[in-house]
Amino acid sequence: MMLICFGTRPEYIKIKPLLKVFDGNIDYTLLFTGQHTDLLKNIPANTRRLKITDGPNRLDSIVQSILNKEELFEEITSILVQGDTTSVFSLALAAFHRRIKVIHLEAGLRTYDKWNPYPEEFNRQAVSRIADIHLCPTSLAAENLRKEGIVNNVFISGNTVLDNIRDIPVKYEDIVVVTMHRRENHHWIEQWFREINILAEKNPSLQFVLPIHPNPNVRKHREILTNVKVVNPLEYNRFIELLAKAKFVITDSGGIQEETSFFFKKCIVCRKATERSEGLGVFSFLCETPSQLGAIFNAVNSDHVPAGVCPYGDGFAAESILEYLREQGF
Ligand code: UDP
């Protein structure tokens, strides 16, 4: 029996297409680790649930809440984890301690800067050391693994996130979608919000919409955004509808870089580094500091349609992963 695990909104979004194709083909049971409880509402009823206990250090608490949970692994012969959160790292480690096979979905993403993104860059590198099967979204991700000496059981599938959105019609309306929540941005989120608010004031023909993340380090600055339509986090289908009609996007998210490329839209990435470098210069534009945002915004606004092919896949990743895993005896 395979244990398929998720702990956050993006993890669930990216495993959902797999669940659809695994049904009736691969025996699995689902585990929700509870890393994000407020952003994940509609998860399957039969999902097993863990509770992350509180402690002075949140990342320590996640690791501690996952290790030594013998009952999670009864009758489990393999686990599938997605991405790079601390719960993914902890689950892979716990499986390794029990000699259980680890399948890593979205393997091989790298910035090689352990502080950007933090703590994800460390987590994904560590999971690659443990994993038995590496499902890479792109050839660049597989190449990263090859350079690290990982050459066996590496499969390039495209990113499963795109399977969710392959039938959505795309438009370009005068909407700029903004999301921001990453830990590395918390210390200067006030400055990002001020720049975004100035841009919204200077560009009244564009509607800026920002679904605000529940993290208190983000929420406490929402009053700065007087010219922006600030809304609560949107349920996935509604967020995708909004993204599909946006002119372009400003974000520090990882998954949104993939979704915007698939929708043939540009995206300004408010980060020091991105592990999705395949789209840089065509679909995505790195903005390392708030003071750079104005100039990058103007350039993207005056030429908003990217000229290129989405580098993250074709929207049929789940089918190819099922076929590959069947060949591997699952
Ligand atoms: N998303 C959503 N509702 C929102 C904002 C984002 O469903 O209000 C989705 C979005 O489509 C993407 C994912 O959440 O698939 C991105 O999540 P996040 O930015 O938290 O994580 P990351 O991709 O950086 O790991």
Side-chain angles (χ1 to χ4, degrees), residues 6-18 33 35-43 81-89 105-107 109-111 116-121 123-124 127 137 141 158-166 168 170 175-186 189 192 208-215 217-219 222 225 228-246 249-263 265 267-276 279 284 286 310 312-313 315 317:
F6 60 95
T8 62
R9 172 178 67 185
E11 284 169 66
Y12 183 58
I13 290 170
K14 287 178 172 178
I15 66 153
K16 224 166 46 162
L18 280 185
T33 63
Q35 181 161 342
H36 278 174
T37 44
D38 36 10
L39 285 175
L40 259 177
K41 305 245 154 61
N42 306 317
I43 59 179
V81 288
Q82 192 287 328
D84 47 24
T85 59
T86 298
S87 55
V88 165
F89 163 67
L105 177 63
E106 204 180 59
L109 273 61
R110 297 288 186 266
T111 59
N116 288 292
Y118 170 83
E120 290 85 355
E121 178 64 18
N123 290 336
R124 59 193 173 213
V127 175
N159 201 306
T160 52
V161 77
L162 306 179
D163 297 30
N164 292 310
I165 60 173
R166 65 181 178 225
I168 311 272
V170 174
I175 297 171
V176 177
V177 175
V178 187
T179 79
M180 189 162 295
H181 72 281
R182 297 207 62 80
R183 208 176 276 260
E184 312 88 83
N185 272 331
H186 286 177
I189 213 141
W192 284 114
F208 284 58
V209 184
L210 185 148
I212 195 152
H213 198 274
N215 190 304
N217 295 313
V218 179
R219 276 197 180 245
R222 70 179 290 171
L225 298 162
V228 174
K229 185 174 170 195
V230 179
V231 297
N232 282 327
L234 297 174
E235 186 271 316
Y236 183 60
N237 292 341
R238 288 199 52 218
F239 182 75
I240 286 301
E241 257 172 48
L242 178 68
L243 212 57
K245 60 185 188 181
V249 175
I250 302 174
T251 189
D252 61 0
S253 161
I256 293 174
Q257 294 173 55
E258 292 145 0
E259 291 162 340
T260 48
S261 304
F262 194 68
F263 282 156
K265 302 195 182 206
C267 133
I268 301 174
V269 183
C270 300
R271 289 169 58 167
K272 297 260 184 241
T274 178
E275 56 293 279
R276 276 99 174 158
S284 49
L286 218 51
C310 172
Y312 304 110

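Atoms within each ligand, like the ligands themselves, are counted from 1 in listed order. Computed from a prediction, not measured in an experiment: that's the story for all the values here.
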- Message: For atom 14 (O) of ligand 1, what's the nearest protein heavy-atom neighbour? Residue, atom name and distance, please.
- Response: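 It is Arg9 NE, 3.2 Å.
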- Query: Which bit of Arg182 is near ligand 1, meaning a heavy atom under 4.0 Å away: side chain, backbone, both or neither?
  - Reply: side chain
- Task: Decide whether the shortest distance between a heavy atom of Arg238 and an atom of ligand 1 is less than 4.0 Å.
- Result: no
- Query: Hey, which atoms in ligand 1 end up nearer than 4.0 Å to a heavy atom of Pro233?
  - Reply: 8 (O)
- Should Ile240 and Glu259 count as side-chain neighbours, where that means a heavy-atom distance under 4.5 Å? yes
- Item | Protein contact to atom 22 (P) of ligand 1 [nearest heavy atom, distance to 0.1 Å] |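 Of every protein heavy atom, Gly254 N, 3.6 Å lies nearest to atom 22 (P) of ligand 1.
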- What heavy-atom pair brings Pro10 and Gln82 nearest, and what distance separates the two atoms?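 What the structure gives for the nearest pair is O-OE1, 4.4 Å.
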- Contact partition for Tyr236 relative to ligand 1, non-hydrogen atoms under 4.0 Å: both
- So, does Asn164 use its side chain to make a donor-acceptor pair with the main chain of Lys14 at under 3.5 Å? no
- Query: When you check the gap from the basic side-chain N to the acidic O, do Glu184 and Lys272 get nearer than 4.0 Å?
  - Reply: no
- For atom 11 (O) of ligand 1, which candidate among Glu259, His36, Glu11 provides the closest heavy atom?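 Among Glu259, His36, Glu11, the closest heavy atom to atom 11 (O) of ligand 1 belongs to Glu259.
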- Message: What I want to check is whether the side chains of Gln257 and Ser284 have a donor and an acceptor closer together than 3.5 Å.
- Response: no
- Message: Tell me every residue that passes side-chain hydrogen bond (donor to acceptor under 3.5 Å, both in side chains) with Asp163, counting only those two or more places apart in sequence or in another chain.
- Response: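 So Asp163 forms no side-chain hydrogen bond (donor to acceptor under 3.5 Å, both in side chains) with any residue.
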- Item | Glu121 and Asn116: side chain donor to acceptor below 3.5 Å | no
- Message: I'd like to know whether ligand 1 has Ile13 as a neighbour, heavy-atom separation below 4.0 Å.
- Response: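 It does, in that a heavy atom of Ile13 comes within the 4.0 Å cut-off of ligand 1.
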- min-distance protein heavy atom vs atom 23 (O) of ligand 1 -> Gly255 N, 2.7 Å
- Task: Using a 4.5 Å cut-off on heavy atoms from C-beta on, say whether the side chain of Ile175 contacts that of Leu242.
- Result: yes
- Query: What residue and atom, counting heavy atoms only, is the protein's closest point to atom 18 (P) of ligand 1, and at what distance?
  - Reply: His181 CE1, 3.7 Å
- Note on the structure: Ranked by distance from atom 21 (O) of ligand 1, the top protein heavy atom is Pro10 CG, 3.3 Å
- At a non-hydrogen distance cut-off of under 4.0 Å, which region of Ser253 contacts ligand 1 (side chain, backbone, both, or neither)? both
- Query: Under 4.0 angstrom from ligand 1, any heavy atom of Glu258?
  - Reply: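 No, Glu258 has no heavy atoms under 4.0 Å from ligand 1.
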- Message: So, using side-chain hydrogen bond (donor to acceptor under 3.5 Å, both in side chains) as the criterion, who are the partners of Thr86 when residues are at least two apart?
- Response: Asn123
- Numbering the atoms of ligand 1 from 1, which are under 4.0 Å from a heavy atom of Leu234? 2 (C), 3 (N), 4 (C), 7 (O), 8 (O)
